[in-house]
Novice: 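Have a look at the structure that comes next, please.
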Amino acid sequence: MSKTSSVQAYRAGLLHFHADPAFIEHAHAWHEDGLLIVADGKVQAAGDYATLAPTLPPGTEVKDCRGKIIMPGFIDSHVHYPQTDMIASPAPGLLPWLEQYTFPTERQFEDPAHGAQVAEFFLDELLRNGTTTAMVYGTVHPQSVDAFFTASEKRGLRMIAGKVMMDRHCPDFLCDTAERGAEESEALIQRWHKKGRSLYAITPRFAPTSTETQLQLAGELAQKYPDTFLQTHVSENKEECAWVKTLFPQARSYLDVYDRYGMMRPRAVYGHCIWLDETDRARMAEAKAAAAVCPTSNLFLGSGLFDFEQADKAGMLLSLATDVGAGTSFSMLQTMNEAYKVARLKGSYLPAMRMFYLATLGAARSLHLEDTIGSFAAGREADFIVIDPQATPLLARRSANTDSLEEQLFALALLGDDRAVAATYSGGRLVHARGQG
């Protein structure tokens with residue numbers, strides 16, 4: 001799809017961030033009557049309507065979205081597209097869940113047609129929920145990544161994805177070899193990385209399903225292609241951590257396993273990070289690697305509660321993620337809902353402003369893409385969503401009784417879901433409108 005070359009303008013409440021609200025008092029920009037101006041798929045300007053309207057070229061149509069809030073599209077930093085069809089599958093824990101549901105489901109992605117069909121549905125769900133960028137796991141099959149990127153490229157989306165690398169402790173039908181996994185990953189990097197808006201992530205599933213040879217080769221790829229991304233899982237639950245300790249007795253910690261193979265670097269995103277210790281958190285911050293916090297998944301599998309307070313103390317890069325299919329919703333609003341509760345159970349507090357930051361600019365910073373997406377700074381790609389505070393009767397009633405932006409955002413986070421996303425735009429193009437798909 002080609003980008004429009006004409007100037008587009010949208011009038012609504014405008015919200016975006018320039019810093020982390022946890023550390024800077026005035027970290028956001030809020031224009032109650034705002035105007036977003038887009039040209040050639042990028043943000044041209046964002047600010048007060050009264051100031052910017054006179055700067056529009058004569059005859060520019062202004063789309064009137066007053067009563068709604070326009071903000072950058074949500075960024076989901078950890079999600080498994082092949083697990084779409086097994087969301088909400090019952091199991092007593094992570095490892096049984098993998099054996100009973102995940103591996104059999106992922107086997108089907110040997111068929112490219114199946115991968116293509118699931119990728120289309122998955123992307124529809126993301127856009128319906130206001131997610132314009134995601135960091136996505138494929139399966140061990142390279143064709144699963146081809147299917148995903150083909151679908152996302154057709155829609156002109158900014159997406160990150162990679163083929164799972166897994167050469168032990170898995171069924172034979174999903175077992176790779178260390179060498180083949182690395183060769184196929186490198187071929188996918190060369191085929192897709194920075195092609196259009198596609199970006200590649202080197203993807204060892206998690207340390208227990210990779211031999212030391214495979215981890216070494218994954219680390220070598222990460223060093224050879226430093227502008228690629230890397231995604232994996234770490235310290236999700238205690239049983240898993242104990243297993244890693246038996247498999248890698250020489251490592252100081254689960255995170256240290258990856259560090260030993262050169263995987264601690266910028267653009268490396270680690271799912272969960274629940275059972276890290278102080279040394280691990282300091283190493284994450286030092287390496288500029290990021291944690292993808294997955295509250296609905298962690299609660300669903302009983303994995304544990306992420307410690308926001310300790311992560312902030314260490315200066316870790318943080319983002320929110322759905323982790324479908326262990327995660328129970330594609331909605332980043334519902335993810336905020338559960339993140340808030342996780343923080344409360346750990347004795348800390350997440351203001352709504354912080355949660356929206358973590359789902360937009362915070363995630364972009366975690367991915368080292370803040371110069372590309374995540375805000376309305378001039379020149380950023382025009383990925384944005386229109387949020388409707390009157391989307392449901394209860395949300396409308398609560399919104400009518402809010403006294404501040406913080407209170408309104410909190411109501412959206414706690415009461416909102418896909419119904420609150422009135423429209424989604426990617427590269428300045430409408431890619432979802434509520435009631436039209």
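Only this structure's heavy atoms are used, side chains among them; waters, hydrogens and symmetry mates stay out. Predicted model, so just to flag it, every value in this text is computed and none were measured.
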Novice: Taking the side chain from Arg344 and the backbone from Ser348, do they hold a donor-acceptor pair closer than 3.5 Å?
Specialist: yes
Novice: Does Arg191 form a salt bridge (charged side-chain N to carboxylate O under 4.0 Å, His left out) with Asp146? I'd like the steps, not just the answer.
Specialist: CA-CA 9 Å; Arg191 185 151 66 245; Asp146 288 329; 3.1 Å; yes
Novice: Of the non-hydrogen atoms in Pro72 and Ile385, which two are nearest, and what is the gap between them?
Specialist: O-CG1, 3.8 Å
Novice: If we ignore hydrogens and angles and just use 3.5 Å, is the side chain of Arg281 paired with the main-chain N or O of Leu276 as donor and acceptor?
Specialist: yes
Novice: For the backbone of Thr328 and the side chain of Thr296, can you confirm whether one donor and one acceptor N or O come within less than 3.5 Å of each other?
Specialist: yes
Novice: Counting N and O atoms only, with roles assigned by atom type, does the side chain of Tyr137 sit under 3.5 Å from a partner on the main chain of Pro82, one being a donor and the other an acceptor?
Specialist: no
Novice: Please lay out, stage by stage, how Ile274 and Asn237 fare under the test side-chain contact (heavy atoms from CB on, under 4.5 Å).
Specialist: CA-CA 7 Å; Ile274 295 172; Asn237 72 28; over 6 Å; no
Novice: Run through Glu240, Arg205, His78 and flag the one making a side-chain hydrogen bond (donor to acceptor under 3.5 Å, both in side chains) with His233.
Specialist: His78
Novice: Minimum heavy-atom separation for Thr133 to Ile373, with atom names?
Specialist: OG1-CD1, 3.7 Å
Novice: At what distance, to the nearest 0.5 angstrom, does OG of Ser329 lie from CG of Asp323?
Specialist: 12.5 Å
Novice: Can you check whether Pro226's main-chain N or O pairs, donor with acceptor, with Arg267's side chain at less than 3.5 Å?
Specialist: yes
Novice: For residues Phe17 and Phe356, establish whether the separation of their ring centroids is below 6.0 Å.
Specialist: no
Novice: Going through the checks in order, is the salt bridge (charged side-chain N to carboxylate O under 4.0 Å, His left out) test met by Arg365 and Asp20?
Specialist: CA-CA 10 Å; Arg365 286 181 166 179; Asp20 188 339; over 6 Å; no
Novice: For residues Ile387 and Lys68, report the shortest heavy-atom separation together with the two atoms involved.
Specialist: O-CB, 3.2 Å
Novice: Can you measure from OG (Ser89) to CZ (Phe300) and round to the nearest 0.5 angstrom?
Specialist: 6.5 Å
Novice: So if I apply the salt bridge (charged side-chain N to carboxylate O under 4.0 Å, His left out) rule between Asp383 and each of Arg158, Lys42, Arg197, which one comes out positive?
Specialist: Arg197
Novice: Can you tell me how far CG of Leu255 sits from CE of Met263, rounded to the nearest 0.5 angstrom?
Specialist: 11.0 Å
Novice: Taking all non-hydrogen atoms of both residues, which atom of Ser77 and which atom of Leu320 are closest, and how far apart?
Specialist: OG-O, 3.4 Å
Novice: Taking the ring centre of each residue, are Tyr200 and Tyr225 less than 6.0 Å apart?
Specialist: no
Novice: Report the distance from atom CG of Asp167 to atom CD of Gln214, rounding to the nearest 0.5 Å.
Specialist: 3.5 Å
Novice: Inspect the surroundings of CD in Gln390 and state if more than 12 heavy atoms from other residues, nucleotides or ligands are less than 6.0 Å away.
Specialist: yes
Novice: Could you check if a side-chain atom of Asp176 sits within less than 4.5 angstrom of a side-chain atom of Val164, using non-hydrogen atoms only?
Specialist: no
Novice: Just say parallel, tilted or perpendicular for the rings of His16 and Phe376, cut-offs at 30° and 60°.
Specialist: tilted
Novice: Output the distance between atom CD (Glu110) and atom NE2 (His141), rounded to the nearest 0.5 Å.
Specialist: 5.0 Å
Novice: Apply salt bridge (charged side-chain N to carboxylate O under 4.0 Å, His left out) to the pair Glu309 and Lys346, showing each step before the final yes or no.
Specialist: CA-CA 8 Å; Glu309 185 176 341; Lys346 285 293 287 184; over 6 Å; no
Novice: Could you check if a side-chain atom of Phe74 sits within less than 4.5 angstrom of a side-chain atom of Thr335, using non-hydrogen atoms only?
Specialist: no
Novice: Taking the six-membered ring for Trp, are Phe173 and Phe103 ring centroids under 6.0 Å apart?
Specialist: no
Novice: Measure across Leu350 and Ala339 and return the closest heavy-atom pair with its distance rounded to 0.1 Å.
Specialist: CD1-O, 3.7 Å
Novice: Step by step, would you call Arg155 with Glu120 a salt bridge (charged side-chain N to carboxylate O under 4.0 Å, His left out)?
Specialist: CA-CA 10 Å; Arg155 298 166 187 244; Glu120 292 288 348; 2.6 Å; yes
Novice: Looking at Arg107, I'd like to know if its CZ atom is crowded, meaning that more than 12 non-hydrogen atoms belonging to other residues, nucleotides or ligands lie closer than 6.0 Å.
Specialist: no
Novice: Tell me the closest heavy-atom pair linking Leu361 and Glu370, and the distance in Å.
Specialist: CD1-CB, 3.9 Å
Novice: Hey, would you say the Phe148 and Phe109 ring centroids sit under 6.0 Å apart?
Specialist: no
Novice: Are Ser303 and Ser297 packed together at the side-chain level, in the sense that at least one heavy-atom pair is separated by less than 4.5 angstrom?
Specialist: no
Novice: Between the side chain of Gln334 and the main-chain N/O of Gly416, is any donor-acceptor distance below 3.5 Å?
Specialist: yes
Novice: Output the distance between atom CZ (Arg128) and atom CG (Asp418), rounded to the nearest 0.5 Å.
Specialist: 4.0 Å
Novice: Heavy-atom count around Arg419 CZ within 6.0 Å, excluding the residue itself: above 12?
Specialist: no
Novice: Tell me whether Thr150 contacts the main-chain N or O of Ala147 through its side chain, where contact means a donor paired with an acceptor under 3.5 Å.
Specialist: no
Novice: Tyr425 vs Phe384 aromatic rings, parallel, tilted or perpendicular, using cut-offs 30° and 60°?
Specialist: parallel
Novice: Do Asp48 side-chain atoms and Ala50 backbone N/O form a donor-acceptor pair below 3.5 Å?
Specialist: no
Novice: Checking Asp417 against Ser331 for the side-chain hydrogen bond (donor to acceptor under 3.5 Å, both in side chains) test, could you report, in this order, the C-alpha distance in whole Å, the side-chain angles of both residues, the deciding distance, and whether it holds?
Specialist: CA-CA 6 Å; Asp417 52 29; Ser331 170; over 6 Å; no
Novice: Is any side-chain N of the basic residue among Arg434 and Asp388 closer than 4.0 Å to the acidic one's carboxylate O?
Specialist: no
Novice: Using a 3.5 Å distance criterion without hydrogens, assess whether the side chain of Ser144 forms a donor-acceptor pair with backbone atoms of Gly138.
Specialist: no
Novice: Mark yes or no for whether Tyr340, through its side chain, and Ala352, through its backbone, hold a donor-acceptor pair below 3.5 Å.
Specialist: no
